[in-house]
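Order of appearance sets the numbers: ligands from 1, and atoms from 1 within every ligand. These numbers come from a predicted model, not from an experiment.
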Amino acid sequence: MTSSVLRVTLDQPFADQKPGTSGLRKSSRQFETPHYLESFIEAILRTVPGVAGGTLVVGGDGRYGNLRAIDVISRMAAAHGVARLITTTDGILSTPAASNLIRKHGAVAGIILSASHNPGGPEGDFGVKVNGANGGPAPESLTDAIYACSQTLDGYRIVEAPSISLEAPGQHAIAALTLEVIDGVDDYLALMQQLFDFDQIGDLLRNNYPIAFDAMHAVTGPYAKRLLEGLLGAPKGTVRNAVPLEDFGGGHPDPNLTYAHELAELLLQGDDYRFGAACDGDGDRNMILGRRCFVNPSDSLAVLTANATLAPAYADGLAGVARSMPTSAAVDVVAKQLGIACYETPTGWKFFGNLLDAGRITLCGEESFGTGSNHIREKDGLWAVLFWLQLLARKRTSVAAIMADHWSRFGRHYYSRHDYEAIASDRAHGLYDRLKGLLPSLAGERFAGRAIATADDFSYTDPVDGSLTTGQGLRLLLDDGSRVVFRLSGTGTQGATLRVYLESYVSPEGQLQQDPQLALADLIQAADQLAEIKLRTGMGVPTVIT
Ligand code: VG1
Ligand code: CO
């Protein structure tokens, strides 16, 4: 078979290829614009070190556009002299499994095709994420360089060759490139078996301990089927919505109480299941539910930290932990008691990479349903589910009892995130910039019956490489330890999304179990008043409350 390299000239570069919190995320339609996907891939292949002669990993969450993108990337990788490209059957590869493959095969990078929890399909979103050789999301220095390259791009190179079927494992040649199609699930399952006691978890699940897992028609379906119903022996039907669909069945593959409400109702209103969980589009997020009990993700990180030694992989204890700034300080309290370091990073998994690589932390997490460890360099939805099942198998108690016990030992961080989605961009930025302008005058002012101790725009100096990241969210730290944080999302594709994070601590002695929305009511009201949210957005209530 002959194949030749085609050089395509661009009239002008695309102006809008700046990666956000998690890669380049745009509408599927935008990605279908001629040369749009190709341009961004060209910028990646020109910028990532070691591409020529190296190994790359590519795959995605199965959404509309996944197979076309793999075909384009394969032929462009061939044109750039990549020696080996590893992809998976049907191109299905979760973000955590991709991180594992990059590490296992010594790849120079990975390209993950997903817009994560954003809806998919021709009218939904598509995304391209770049991960580095450590398996983690590219650091800002690399994404900035890719963006800079995309802004001066004059053209791209692609091999002209027929597209290759990914239906079965096998090896193919595209010019001098070897395309390896492997099973995307095998290696991930093997890794999980090294971390947890499968006999113990299996013993729980085989003996009248009904659980429900919702794959939301996204990437975790095939993984969860083999893991839960296969290796661990849970009854058939445990995994719901297990078949990945190009449009996620019309759903929004975001595991929270709003978008995974069917599962939430099963657990919070019914008595059929002891444990429930869901993952997002690309499998890196997790929501944990018990019977009549929702586990806040910030609390989940704290509980896993407090009980880590119950899992074989963490039996020797933890080096340290980290959480993103808006995540509640529940884990800080546990870390203090354990006598281990606790780091506070900006939003986005890329900021955990250096800490994990340097061995400073073992576990880390974000309030946005992200939890993970040093086993890979991405957050890992099914890993978190297994970790919780490991705790339940060891403790033989309920999720609600684990939470009550945790709060009685460490106190409780009432926590909520209010999202205002699809606000007109100028309004959202007007609101945010006004608030930022107010910050210098706020210290010492009263707020919800407390005094504002600090009002600032969060910035972070990476303790490993010294790099500085600024403008990461407006914080009001109150004198009783409560906090309100305002951020603009970097993953949305329509208008702007304002996130308001609210937190208030009650010590073990002051316990009065109540609904977080009630416990935080005064902060919620004061935040609205100060930021003029209702007034400026015209929205009476948030789109999503977590
Ligand atoms: C959101 C979350 C953030 C997470 C990011 C990517 O970003 O808040 O914690 O790391 O999504 O998650 P933002 O900028 O919209 O707040 V995923 O599951 O897309 O990889
Ligand atoms: Co995700």
Side-chain angles (χ1 to χ4, degrees), residues 18-26 60-63 93-99 110 112-120 125-131 136-138 140 143 215-216 218-220 248 252-256 259-260 278-287 297-298 300-301 322-328 344-353 364-372 376-384 415 417-423 428 432 458 469 471-474 485-501 543-544 546:
K18 190 163 179 59
T21 314
S22 192
L24 180 66
R25 203 170 286 190
K26 297 284 175 193
D61 63 10
R63 71 179 63 219
L93 182 63
S94 77
T95 290
S99 182
I112 302 171
L113 306 164
S114 172
S116 188
H117 51 287
N118 293 25
D125 289 338
F126 191 75
V128 176
K129 304 199 279 186
V130 185
N131 284 34
E140 299 222 314
T143 52
M216 304 190 84
V219 80
T220 51
F248 308 116
H252 197 136
D254 197 355
N256 60 35
Y259 297 123
C279 290
D280 71 331
D282 61 328
D284 55 1
R285 296 185 177 205
N286 71 92
M287 175 170 71
S298 299
S300 179
L301 176 62
R323 63 165 170 85
S324 67
M325 179 273 283
T327 303
S328 97
E344 184 178 37
T345 58
T347 295
W349 209 261
K350 58 186 166 229
F351 294 103
F352 295 132
C364 46
E366 296 192 275
E367 47 65 41
S368 53
F369 298 89
T371 336
I376 51 170
R377 294 293 179 273
E378 284 278 5
K379 53 189 185 263
D380 190 344
L382 282 168
W383 167 90
Y415 187 84
R417 184 176 105 181
H418 289 197
D419 294 332
Y420 297 83
E421 295 179 348
I423 309 171
Y432 196 79
F458 182 65
T469 310
Q472 294 299 304
L474 311 180
V485 176
F486 302 85
R487 260 189 82 246
L488 291 177
S489 156
T491 58
T493 54
Q494 277 151 30
T497 293
L498 173 70
R499 306 202 194 285
V500 185
Y501 310 81
T543 323
V544 177
T546 297

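Across Ser116, Ser114, Pro253, a single residue satisfies side-chain contact (heavy atoms from CB on, under 4.5 Å) together with Asp61, and that is Ser114.
In this structure, the side chain of Glu367 does not engage the main chain of Pro297 through any donor-acceptor pair within 3.5 Å. Using a distance-only test at 3.5 Å, with no hydrogens or angles considered, no donor-acceptor pair links the side chain of Arg63 to the main chain of Gly127.
Every atom of ligand 1 with a heavy atom of Asp284 under 4.0 Å away is listed here by number and element: 17 (V), 18 (O), 20 (O). Applying the 4.0 Å criterion to heavy atoms of Arg25 picks out, from ligand 1, the atoms 19 (O). Within the listing of ligand 1, atoms 18 (O) sit less than 4.0 angstrom from a heavy atom of Asp280. Short contacts between ligand 1 and Arg487, defined as distances under 4.0 Å to a heavy atom of the residue, involve ligand atoms 13 (P), 14 (O), 16 (O). Near Ser116, the atoms of ligand 1 lying under 4.0 angstrom from a non-hydrogen atom of the residue are 17 (V), 18 (O), 19 (O), 20 (O). Set against the non-hydrogen atoms of Arg499, the atoms of ligand 1 under 4.0 Å away are 8 (O), 13 (P), 15 (O), 16 (O). Remark: ligand 1 atoms within the under-4.0 Å shell around heavy atoms of Ser368 are 2 (C), 3 (C), 4 (C), 8 (O), 9 (O).
Counting heavy atoms under 4.0 Å from ligand 1, residue Glu378 does not touch it at all. Of the heavy atoms in Arg417, only side-chain atoms (C-beta onward) come closer than 4.0 Å to ligand 1. With a 4.0 Å heavy-atom cut-off, ligand 1 is reached by the backbone of Ser489 and by its side chain too.
Proximity of Gly348 to ligand 1 is established by a heavy-atom distance of less than 4.0 Å.
Less than 2.8 Å away from the Co ion (ligand 2), the protein contributes these N/O/S atoms: Ser116 OG, Asp280 OD2, Asp282 OD1, Asp284 OD1.
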